[in-house]
Colleague: 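Before we start, here is the structure in question, set down as structure tokens.
All chains are named by letter (A, B, ...) in the order of the sequence lines, taking the proteins before the strands, and each is independently numbered beginning at 1.
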Amino acid sequence: MQIDLILPDERVLNLEGPLPVDDAIAAVSEGLLRRAIAVELDGEILDRHSEIKTSGRFRILTNKDEESLSVLRHSTAHLMAYAVQELYPEAKFAFGPDVEDGFYYDILVDESFTPDDLVKIEAKMKELAKGKHPFIKKIMSRQDAADYFAEKQQDFKVEHVGELPEEEEISFYEVGEFVDLCGGPHVADTGMLKAFKLRTVAGAYWRADETREQLQRIYGTSWFKAKDLEAYLVRLEEAEKRDHRKLGQQLGLFGMKEEAGGGLAFWYPKGTVLREQIENWWKQAHRERGYDMVVTPHIFKGDLWRTSGHLDFYAENMYTFEQDEQTYVVKPMNCPGHILIYQDDLKSYRDLPQRLAELGTVYRYERSGTLHGLMRVRGFTQDDAHIFCTPDQLVDEVTKLIEFSRDLHAIFGFTELTTELSVRDSANKSKYIGEDEEWDAAEASLMEAVDRVGLSVKRMEGEAVFYGPKIDVKLKDAIGRSWQTSTIQFDFNLPRRFNVEYVGADGQHKHPYIIHRALFGSLERFIGILTEHHAGEFPLWLAPVQAIVLPLSEHFRDYGEKVVEELRKAGLRADLDAKDEKLGYKIRQAELQKIPYMIVVGAKEQEAGGITVRSKKSGDEGSFSIADFLNRALDEIANKH
RNA sequence: GCUGGUGUAGCUCAGUGGUAGGGCAACGCACUCGUAAUGCGUAGGUCCACGGUUCAAGUCCGUGCACCAGCUCCA
């Protein structure tokens with residue numbers, strides 16, 4: 001059989017096949033044989049243990065290719081399992097894939113792994129790696145595979161074999177004494193595994209099922225070069241330095257109080273200033289776009305939540321209490337409140353769209369283990385709005401929303417966004433409320449709006465919530481992590497349950513469409529993201545303290561006070577460091593507090609009636625008149641840089 | 001909620017069953033200072049909470065709470 005391999009430079013190799021991958025590599029270049037990790041054939045990664053059976057586009061992967069890393073990491077996972085098997089012969093192995101930046105393996109053993117154990121396992125891995133054990137691929141029949149693992153008492157593997165599709169070839173990889181059910185691909189031998197490190201151990205369920213065995217998951221990372229491993233560990237440290245929980249504490253922004261309970265944030269004075277800046281901008285931006293601000297109560301009677309369906313579907317996440325023989329609910333969402341306001345009078349089609357917005361603080365009971373700083377809390381403020389509109393207003397409204405979300409992100413320095421469109425599972429329509437035509441109209445208007453704005457959108461089949469399709473926006477932060485922020489959701493449920501209506505041009509009463517949307521998502525979470533994005537160095541317009549005046553000694557304190565007063569009068573958030581310390585000390589404190597401008601005043605400045613400016617960004621900037629500095633700072637604030 | 005880890009002064013962290021410690025911060029004194037930490041001194045503790053073991057518990061055991069890493073969940 002002739003096999004044609006098309007190389008990246010469009011050259012075509014004609015080979016007699018099927019042939020081992022190594023032979024194909026050698027046909028391209030003998031030299032590459034030493035450096036090749038795997039090959040790609042028509043998008044599929046084949047390792048050097050495989051055979052080439054078909055023609056296609058062919059590419060050789062070396063340690064410079066991104067794809068090779070996942071091969072390396074997957075192999076490192078096997079090496080780790082091998083080491084664990086050596087140290088814990090009774091261990092049962094589940095899954096051990098490569099993941100972003102590393103790999104893990106889920107393992108069942110009686111005792112629990114300690115950090116010390118990880119050190120031992122890692123040492124064993126190093127020892128085994130030096131043995132340059134080749135990875136050897138084997139094929140077995142389904143029955144032999146099941147028997148083999150049954151004999152080894154590898155229960156998870158037996159279960160897994162039973163679940164593989166009938167037609168699938170069952171392959172194994174053997175490395176030293178460790179044999180694993182595995183489709184590959186793998187590196188040639190363990191000698192390639194040099195730069196790895198075991199990181200943490202955590203619980204995980206077999207098949208991610210809470211009712212099944214809980215296993216121990218060991219996470220590790222693996223790289224081709226020690227230098228890359230080092231760089232990765234530095235990157236982790238960087239991320240740690242940006243941790244909003246740590247910065248929130250250091251910069252006096254916010255904190256959690258054990259006495260108050262988990263998942264409840266306290267906003268300190270500086271954090272409150274930051275929040276206010278964001279809220280003020282938000283309110284202004286919404287008024288400009290035709291939103292009406294409303295405020296609704298934090299608790300209301302259970303009946304309302306029965307009407308909305310929350311008591312039936314969302315009860316376990318709600319805080320409720322009894323008063324006057326009534327159940328009251330602390331609101332987990334703002335929708336019912338906004339609907340009540342909408343319904344205060346009978347709306348005409350001429351009144352629509354009606355956009356009701358609220359910075360609505362909601363409380364949801366979240367399982368304790370899910371709480372995480374400001375990113376996942378029990379009490380948070382949604383930048384919520386509900387848009388009541390007619391069918392022919394849909395596309396316009398959604399278009400405006402997507403643009404609004406994009407503008408809002410840009411103001412805060414996020415320009416890299418991804419968008420997901422979640423639609424219903426068309427094979428299982430009964431799970432969802434609403435008529436086909438509503439779903440189709442909603443989806444069509446979402447798509448049309450996305451097209452108009454020129455966004456690319458990822459379609460997520462079956463990811464819609466039961467009451468309507470939605471668009472979610474994710475941003476990418478300064479160190480490449482993505483976070484979900486905006487959500488734009490259709491709701492076919494609440495208009496029915498509350499009998500929300502408007503009178504159409506034909507005099508008929510109709511249900512309006514309700515679009516539920518939040519752009520920041522949660523203010524707490526957004527500020528957490530913002531803090532990590534800027535590593536605590538907020539742009540001037542957001543900085544809690546914008547300038548701090550540093551008198552050189554106590555002789556210049558009075559002048560310093562005068563300067564502070566002038567800066568404040570001009571609208572700047574300025575403080576005085578009146579401490580009896582040297583300039584170096586005060587600068588260090590201001591730097592640690594990440595204050596954008598440090599204003600030094602001494603004899604020279606007092607005499608001239610000016611100031612010396614040091615900026616966080618570029619250090620000492622020399623003498624300024626107060627007016628010149630103010631111009632510059634106010635300009636910077638106005639531009640939101 | 002589950003698995004594992006952690007909880008000691010405002011912060012950050014030491015602490016071997018036998019009198020509770022360092023650094024930073026705070027406060028006082030001296031210095032009166034020019035671009036990332038001046039020196040000396042003083043004060044500061046429910047060792048997360050509640051039980052238990054022990055002559056004796058920050059330390060060992062149990063329960064609860066909070067936090068951390070994951071898992072799970074995320075109308």
Colleague: Mind checking the P distance from A36(B) to G28(B)? Whole angstroms is fine.
Modeller: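 My reading of the P atoms in A36(B) and G28(B) gives 27 Å.
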Colleague: Of the candidate nucleotides U32(B), A36(B), A75(B), which contains the atom at the shortest distance from the side chain of Asn493(A)?
Modeller: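 In terms of side-chain proximity for Asn493(A), the closest of U32(B), A36(B), A75(B) is A75(B).
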Colleague: Mind checking Tyr205(A) for me? I need base, sugar-phosphate or nothing, with any heavy atom below 4.0 Å counting as a touch.
Modeller: base
Colleague: Can you work out whether Asp243(A) or Lys616(A) has the more 5'-proximal nearest nucleotide on RNA chain B?
Modeller: Lys616(A)
Colleague: Within the structure, does a side-chain N or O atom of Lys579(A) lie under 4.0 Å from either OP1 or OP2 of A26(B)?
Modeller: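 Looking at the OP1 and OP2 atoms of A26(B), one of them is under 4.0 Å from a side-chain N or O of Lys579(A).
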Colleague: Whether the side chain of Glu605(A) and the base of G34(B) hold a donor-acceptor pair under 3.5 Å is what I'd like checked.
Modeller: yes
Colleague: By nearest atom, which of the nucleotides G34(B), A75(B), G1(B) is closest to the Val465(A) side chain?
Modeller: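 The answer is A75(B), which lies nearest to the side chain.
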Colleague: Any salt bridge linking Asp384(A) with Arg517(A)? Criterion: basic side-chain nitrogen under 4.0 Å from a carboxylate oxygen.
Modeller: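 Result for this pair is no, no salt bridge flagged.
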Colleague: Categorize Lys586(A) for me: base, sugar-phosphate, or nothing, with a 4.0 angstrom heavy-atom threshold over every strand shown.
Modeller: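 The answer is nothing, as Lys586(A) stays clear of every strand by at least 4.0 Å.
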Colleague: Ser368(A) or Gly602(A): which one's nearest nucleotide on RNA chain B is closer to the 5' end?
Modeller: Ser368(A)
Colleague: Could you let me know what G23(B) is paired to, Watson-Crick or G-U wobble, both distances under 3.5 Å, or none if it's on its own?
Modeller: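 Partner of G23(B): C11(B).
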Colleague: Is Lys594(A) atom NZ crowded by more than 12 heavy atoms from other residues, nucleotides or ligands, each under 6.0 Å away?
Modeller: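 Yes, because the 6.0 Å sphere around NZ of Lys594(A) holds more than 12 heavy atoms from other groups.
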Colleague: What distance, rounded to whole Å, do you find between the two P atoms, one in G23(B) and one in G18(B)?
Modeller: 24 Å
Colleague: Is Glu159(A) paired with Lys157(A) through a side-chain N to carboxylate O contact shorter than 4.0 Å?
Modeller: no
Colleague: With hydrogens left out and only the distance checked, is there a donor-acceptor pair under 3.5 Å joining Tyr219(A)'s side chain and the base of G4(B)?
Modeller: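 Such a pair does not exist between side chain and base.
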Colleague: Say we look at A20(B) and A56(B): how far apart would their C1' atoms be, to the nearest angstrom?
Modeller: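 Roughly 16 Å separates the two C1' atoms.
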Colleague: Counting Watson-Crick and G-U wobble pairs only, both distances under 3.5 Å, name the nucleotide matched with C67(B), or none.
Modeller: G5(B)
Colleague: When we call it a touch if two heavy atoms are under 4.0 Å apart, what does Arg614(A) touch: a base, just sugar-phosphate, or nothing?
Modeller: base
Colleague: Going by modelled atom types, is there a donor-acceptor pair between the base of C31(B) and the side chain of Asp580(A) at under 3.5 Å?
Modeller: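 Donor-acceptor pair under 3.5 Å: yes.
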Colleague: List the atom pairs, with distances to 0.1 Å, where a side-chain N or O of residues 229-241 of chain A and a protein N or O form a donor-acceptor pair under 3.5 Å, not counting sequence neighbours.
Modeller:
from	atom 1	to	atom 2	distance (Å)
Glu238(A)	OE2	Lys241(A)	NZ	3.2

Colleague: Do Arg199(A)'s NZ or CZ and the ring of Tyr219(A) fall within the cation-pi criteria of under 6.0 Å and 45°?
Modeller: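 Checked: cation-pi criterion not met.
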Colleague: What's the closest nucleotide to the His372(A) side chain, out of A26(B), U32(B), A69(B)?
Modeller: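 Ranking A26(B), U32(B), A69(B) by closest atom to the His372(A) side chain puts A69(B) first.
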Colleague: Measure from the side chain of Leu552(A), starting at C-beta and using heavy atoms only, and say which of C11(B), C73(B), C33(B) lies closest.
Modeller: C33(B)
Colleague: Considering only atom C1', compute the distance from U3(B) to U8(B) and round it to an integer number of Å.
Modeller: 26 Å
Colleague: Using the C1' atom in both, what is the distance from G45(B) to A9(B), to the nearest Å?
Modeller: 6 Å
Colleague: If the P atom of A57(B) is compared with that of G1(B), how far apart are they to the nearest Å?
Modeller: 31 Å
Colleague: Please report the distance, rounded to the nearest Å, between NE2 in His555(A) and C1' in C33(B).
Modeller: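 One finds 9 Å between C1' of C33(B) and NE2 of His555(A), rounded.
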Colleague: Charged N to carboxylate O under 4.0 angstrom, Asp436(A) versus Arg424(A)?
Modeller: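 Looking at Asp436(A) and Arg424(A), the cut-off is met.
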Colleague: Determine, for Lys331(A) against Glu358(A), whether the closest basic-nitrogen to carboxylate-oxygen distance falls under 4.0 angstrom.
Modeller: yes
Colleague: Indicate whether OP1 or OP2 belonging to A75(B) is found under 4.0 Å from a side-chain N or O atom of Tyr365(A).
Modeller: no
Colleague: Remember a base hit wins even if backbone is also touched, and classify Ala603(A) as base, sugar-phosphate or nothing at under 4.0 Å, heavy atoms.
Modeller: base
Colleague: At less than 4.0 Å, is any side-chain N or O atom of Arg245(A) found next to OP1 or OP2 of C68(B)? Yes or no.
Modeller: yes
Colleague: Considering only heavy atoms and no angle criterion, is a donor-acceptor pair shorter than 3.5 Å present between the side chain of Gln216(A) and the base of U3(B)?
Modeller: no
Colleague: In whole Å, measure the gap between the C1' atoms of C71(B) and G64(B) for me.
Modeller: 23 Å
Colleague: Is U35(B) paired to anything, Watson-Crick or G-U wobble with both distances less than 3.5 Å, and if yes, which nucleotide?
Modeller: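 When the pairing criteria are applied, nothing turns out to pair with U35(B), so the answer is none.
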Colleague: If you take atom types as modelled and just measure distance, does the side chain of Glu258(A) reach the base of A66(B) with a donor-acceptor pair under 3.5 Å?
Modeller: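 Check fails, no donor-acceptor contact within cut-off.
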Colleague: Choosing from A36(B), G34(B), A75(B), which nucleotide comes nearest the side chain of Phe466(A)?
Modeller: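 The listed nucleotide nearest to Phe466(A)'s side chain is A75(B).
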Colleague: Would you measure the distance from the C1' atom in U12(B) across to the matching atom in C47(B) and give it in whole Å?
Modeller: 16 Å
